[in-house]
Amino acid sequence: MNLTSIELFLSKLKHLHKSYGIKGLKVQSYEYTDYDNEISLLHCCIDKTDIENEKLKTTFKTLFEKEYFELLHPTLNIPTRAVFSCDNELCGFKDYNKILFFIDENNEHPWLLVQENVFAYILITQDEFLGLKYLNEPLTEHYKWILWLCLSNLPKIVQNITAKDLVYQDRKFALSFANPRPYHYFMDDLLWYERLYLQNALVLDEPMFLKHPAMKCIQDTSRLKIRPALFISRSNDFLETQITSFQQTGFKTLLNTEWGGGFRNV
């Protein structure tokens, strides 16, 4: 098996500024209009704040309910599969800022995305370091923080990743709702779980603020952990619905073992 492309990719990630010609926090935007794939569709909907886009919802519902998580390469449009995931814990939280690594079946085109409250804030391919156009032009304060986290910690993270970790393989995934920040749990992760009707998707059985009754939870630490949040939506109606649910059901009920609240329900 030829691992040269993956090894070169890891080598570039260890020196992001030099490898991709980044000066400070100025990075190139992902020009979604130039491509036709899942990421370009997502970035288009983010740019237009089109949260009810039916094609977006159908596309990602299908992706999240599959056995393996697969996307077209964001710039080459070739099929790739997620094979490795990890946390960027520099932000002070686990299960919040995630990095997903992808590869094609020939192990020639590795790439990664950075996921937080937007599914693909940052895209890094073999040749380009690309940012979300909506926040990158002009560069917002929050996005500066996202970029700084990636540029500061990714070179350290990849020190512990080998080329064999990133080869094309049958690595299954499940949705993760272990987000330690309550607002983002409800308004990002749980919102998209309901918006996409993900009752058929597998969910990791982890501590979470509220275990939705429809969740199909499994215990399997070998699976990739992927958050379902696609992009930020300030839906007050959804938040009010969740608050009402809490009030009607009662905190005591939500904290019992049937709902699986655990120590984070405070």
Side-chain angles (χ1 to χ4, degrees), residues 1-14 37-39 42 59-89 94-116 118-126 150 153-179 189 192-193 196 198-208 215-230:
M1 183 185 300
N2 189 342
L3 303 181
T4 302
S5 294
I6 300 176
E7 290 170 345
L8 288 174
F9 183 57
L10 286 172
S11 179
K12 295 185 74 170
L13 295 179
K14 293 174 183 178
N37 54 54
E38 302 93 347
I39 297 296
L42 173 63
T59 297
F60 277 87
K61 174 180 172 62
T62 300
L63 291 171
F64 285 141
E65 292 181 347
K66 287 186 175 181
E67 190 172 25
Y68 305 104
F69 193 77
E70 298 175 324
L71 295 174
L72 291 175
H73 189 288
T75 59
L76 301 178
N77 277 10
I78 60 174
T80 62
R81 174 179 290 180
V83 292
F84 192 85
S85 67
C86 59
D87 286 318
N88 185 350
E89 296 184 37
K94 291 187 65 176
D95 300 307
Y96 182 64
N97 187 296
K98 292 187 173 296
I99 302 169
L100 300 179
F101 290 82
F102 294 78
I103 190 71
D104 64 296
E105 62 181 355
N106 295 319
N107 294 309
E108 294 177 350
H109 301 289
W111 67 282
L112 66 83
L113 64 80
V114 175
Q115 176 190 24
E116 198 182 281
V118 171
F119 188 79
Y121 263 122
I122 296 169
L123 308 168
I124 306 179
T125 69
Q126 294 158 290
C150 180
N153 219 32
L154 185 57
K156 303 172 187 176
I157 291 173
V158 298
Q159 298 289 342
N160 298 314
I161 299 175
T162 68
K164 290 184 178 180
D165 291 328
L166 304 186
V167 298
Y168 190 83
Q169 57 192 284
D170 292 337
R171 185 88 185 270
K172 298 178 182 180
F173 79 99
L175 299 180
S176 174
F177 288 84
N179 190 334
D189 295 324
W192 282 103
Y193 178 82
L196 300 180
L198 292 175
Q199 288 83 351
N200 292 324
L202 295 180
V203 175
L204 287 173
D205 192 2
E206 306 171 289
M208 63 183 79
M215 286 181 176
K216 298 172 62 175
C217 293
I218 60 169
Q219 294 182 345
D220 187 349
T221 57
S222 69
R223 289 181 180 250
L224 301 176
K225 300 172 68 171
I226 299 178
R227 289 181 58 192
L230 295 186

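Start at 1 with the first residue, then count along the sequence.
A 4.5 Å side-chain heavy-atom check between Ile226 and Gln115 finds at least one atom pair inside the cut-off. Using a 4.5 Å heavy-atom cutoff, the side chains of Leu113 and Leu71 are in contact. At least one side-chain heavy atom of Phe101 sits under 4.5 Å from a side-chain heavy atom of Cys86. Using a 4.5 Å heavy-atom threshold, the side chains of Leu154 and Leu112 count as touching. Side-chain contact between Leu224 and Leu100: absent, with no pair of heavy atoms (C-beta onward) separated by less than 4.5 Å. Put simply, the side chain of Gln199 reaches to within 4.5 Å of the side chain of Tyr193, judged on heavy atoms. Taking the side chain as every heavy atom from C-beta outward, Pro74 and Leu123 approach each other to under 4.5 Å. The shortest distance between side-chain heavy atoms of Leu198 and Trp192 does not fall below 4.5 Å.
Qualifying side chain to side chain donor-acceptor pair (under 3.5 Å) partners for Asp205, counting only residues two or more places apart in sequence or in other chains: Lys211, Gln219. With sequence neighbours left out, Phe69 forms a ring-ring contact (aromatic ring centres under 6.0 Å, His included) with Phe64, Phe119, Phe173. For Lys61, the salt bridge (charged side-chain N to carboxylate O under 4.0 Å, His left out) partners at least two apart in sequence or on another chain are Glu65. Annotation: side chain to side chain donor-acceptor pair (under 3.5 Å) contacts of Glu38 (sequence neighbours excluded): none. Taking Lys216 as the reference, Leu202 meet the side-chain contact (heavy atoms from CB on, under 4.5 Å) condition, with sequence neighbours excluded. Considering only residues two or more places apart in sequence or on other chains, Asp170 meets the side-chain contact (heavy atoms from CB on, under 4.5 Å) condition with Tyr68, Arg81. Checked against side-chain contact (heavy atoms from CB on, under 4.5 Å), Ser11 has no partners two or more places apart in sequence or in another chain. Looking at residues two or more places apart in sequence or on another chain, you find a ring-ring contact (aromatic ring centres under 6.0 Å, His included) between His73 and Trp111. For Thr4, the side-chain contact (heavy atoms from CB on, under 4.5 Å) partners are Asn2, Leu8, not counting sequence neighbours. Legend: residues meeting salt bridge (charged side-chain N to carboxylate O under 4.0 Å, His left out) with Asp165, ordered by chain and number and at least two apart, are absent. By the side chain to side chain donor-acceptor pair (under 3.5 Å) test, Lys172 pairs with Glu67, sequence neighbours left out.
Note that the NZ atom of Lys156 and the NZ atom of Lys14 stand 15.0 Å from one another [nearest 0.5 Å]. Atoms CG and OG1, on Asn106 and Thr80 in that order, are 12.0 Å from each other to the nearest 0.5 Å. Going from atom CD of Glu206 over to atom CD1 of Ile218 covers 10.0 Å, rounded to the nearest 0.5 Å. Interatomic distance, Lys225 NZ to Leu204 CG, rounded to the nearest 0.5 Å: 6.5 Å. The distance from the CD1 atom of Ile99 to the CG atom of Asn153 is 7.5 Å, given to the nearest 0.5 Å.
Looking at Lys12, its side chain does come within 3.5 Å of a backbone N or O of Gln126 through a donor-acceptor pair. Here the side chain of Asn107 pairs no donor or acceptor atom with the backbone of Leu3 at under 3.5 angstrom. With hydrogens and angles ignored, the 3.5 Å screen pairs no side-chain donor or acceptor of Glu116 with any backbone N or O of Tyr121.
Between Ser176 and Pro228, the shortest heavy-atom distance links the atoms O-CD, 3.8 Å. Considering all non-hydrogen atoms of both residues, Met208 and Met215 come closest at SD-SD, 3.9 Å. Of all heavy-atom pairs between Pro110 and Ser5, the closest is CG-O, 3.9 Å. Nearest heavy atom pair, residue Asn37 against residue Asn77, reads ND2-OD1, 2.8 Å. The heavy-atom pair separating Cys150 from Ile124 by the smallest distance is SG-CD1, 4.2 Å. The nearest pair of heavy atoms linking Val167 to Ile103 is C-CG2, 3.9 Å.
Among pairs with a residue in residues 102-112, none fulfils salt bridge (charged side-chain N to carboxylate O under 4.0 Å, His left out), at least two apart in sequence or across chains.
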